[in-house]
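All remarks here apply to the structure that follows.
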Amino acid sequence: MIRVQDLSVKFGDTTVLHDVSFDVAAGESFALVGESGSGKSTILKALSGQVKPHQGSVQIGTAPDALTNRLALARQVQMVFQDPYGSLHPRRSVDDTLSEPLAIHRLPNRDQRVLDMLDAVGLPRRFRFRLPHELSGGQRQRVAIARALMLDPPVLLLDEPTSALDVSVQAEILNLLKSLRAEKQLTFLLVTHDLPVVSFLCDRLAILRAGRIVEVADVARLRTGAFTSEYGQELFQSSVE
Amino acid sequence: MSLLSVENLRVTFPSDHGPVDVVKGLSFELGRERLGIVGESGSGKSMTGRAVMGLIPPPGQVTADRLDFDGTDLRHLSKTDMRKMRGARMSMVLQDPKFSLNPVIRIGEQIEEAMAVHGAARATARRQRMMEALRAVRIDDPERVARLFPHELSGGMGQRVMIAMMVVLEPALMIADEPTSALDVSVRGQVLESLDDLVRRRGMGLMLISHDLNMVARWCDRILVMFKGKIVEEVGSGALYQAQHPYTRGLVASLPRIDEDRARLPVLDRDAL
């Protein structure tokens, strides 16, 4: 579903990604882990068309021209960001936020689709005409997830979707993501530094360091701490301590 | 003797529906030790730290039956006296160094300024103490770092500079409010180690406020768990997983584990508490 091949990205003279390659199968949940500056968010940006690859290619789904056709790309992939306070327009109601993608893509039945989506992400329908500041952090993140799913994309890019939330709210959002994935057969690409979250939500993970993938492993190896690379072990240790 | 004694601390803010207590009658003692305060957003943990520092902005009101710090009653201190106390005798490290450091002043100058404000020493002595403070938070080349501007520092380094600025006057009490949540996992350890070091070597009292249960459990001697403005439980640091109160147990259970095999995470039922 997602194929990244020999991807290199440069900002000016600095190379931030060196020949990164990985594949994510349809319906799989794949995690990118690493410290800040390791390039994990840059991979998401390349996949969502926000940065141009210097070399190599990224492909999502079957549409070969997805990266040149932005509307087609939007139907293939959507993103959920870390900070629900920053990613929602403060002067637009939940209804505006969720209807906008439908209007842009000229889809019918907007009213019903918005209501269905509110139900799907577990937001009471009375929240439909509220503004972001009237919602809690967890509720806002539910709106952000709902917005990402409005166009029924097969792929979701999740950039630290729960790290700005309280632990008990994090549990709710992680449960929601897990059940949505099962219901809609979504493919997840999750960026995080939190290994326990990977253990809960993902099937495989890639460990990045300084713009290179040092190891791709099954989540089973994460659970037992059996990473083969030295750096993977280091990350595991700092996480269990 | 304990460093800080708090009895029946209340922080009240007015609202449309009458006054609201965000901290509801808190009592605790802090010695020269590491005390953790955990709770979720809105539990009142940050307000507790700010109330002790005298940093609750109006219209907020602080009342307490007792608020003694190192033999001084903080309740009746004038603004001027409180200002002398803050920084010199008690200080606070906040979440994000990017917002706490002045972006257009060099690191060394900022730290020296803290000393100058409190009338400490002559310029040469100040410079020497500034270097020592940077070394104390494990910055190996203080000469170079002192000349840098805040934007030239990484997050972890910035936070250690903040701590250096706070400890240069050798306060007896340090309140750290989410000191590592803006930082990368890999540098969190370094920042907490510098704090830990200062508690051990200088006999400082540390109040570590955080929502991160595991971090607090690892770095503190005692933990107060706050919920809705009250302390619901006090646990020893090793005993977090044996906690009794349903709220604490709920929080611990809702954390994903590295060897996670549960299909769903248990969610805290707030109405049942």
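This structure is a prediction, so every number in the text was calculated from the model and none was measured. Throughout, protein chains are lettered first and strands after them, A, B, ... in sequence-line order, and every chain is numbered starting at 1.
Using a 4.5 Å cut-off between heavy atoms, A:E172 contacts chain B through both its backbone and its side chain. With a 4.5 Å cut-off on non-hydrogen atoms, A:L222 touches chain B through its backbone and its side chain both. Interface remark: B:R257 contributes backbone atoms only to the contact with chain A (heavy atom separation under 4.5 Å).
Within residues 125-135 of chain A, no residue approaches chain B closer than 4.5 Å by heavy atoms.
Using modelled atom types and a 3.5 Å distance limit, the side chains of A:R92 and A:T97 yield no donor-acceptor pair. In the model, A:E215 has a side-chain atom that pairs as donor or acceptor with a side-chain atom of A:T228 under 3.5 Å.
Counting only heavy atoms from C-beta outward, the side chains of B:S46 and B:D177 approach each other to under 4.5 Å. Contact check for A:L208 versus A:I43: side-chain heavy atoms found under the 4.5 Å cut-off. Using a 4.5 Å heavy-atom threshold, the side chains of A:I145 and A:L176 count as touching.
Ring orientation note: the planes of B:Y247 and B:H245 are nearly perpendicular, at an angle over 60° on the 30°/60° scale. Ring pair A:F227/A:F236 is perpendicular by interplanar angle, where above 60° counts as perpendicular and below 30° as parallel.
The environment of NZ in A:K178 is crowded: more than 12 heavy-atom neighbours from other residues, nucleotides or ligands sit within 6.0 Å.
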Practice prompt. Evaluate the criterion side chain to side chain donor-acceptor pair (under 3.5 Å) for residue pair A:S199 and B:E260; output intermediate values, then yes/no.
Written response: CA-CA 6 Å; A:S199 182; B:E260 193 55 69; 6.0 Å; no
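Chain B forms more heavy-atom pairs under 4.5 Å with one residue of A:A220, A:G225, A:P196, A:S163 than with any other, namely A:P196. Comparing B:G42, B:A253, B:A263 by heavy-atom pairs within less than 4.5 Å of chain A, the highest count is held by B:A263. Ranked by non-hydrogen atom pairs under 4.5 Å with chain A, the options B:D261, B:D259, B:L251 are led by B:D259.
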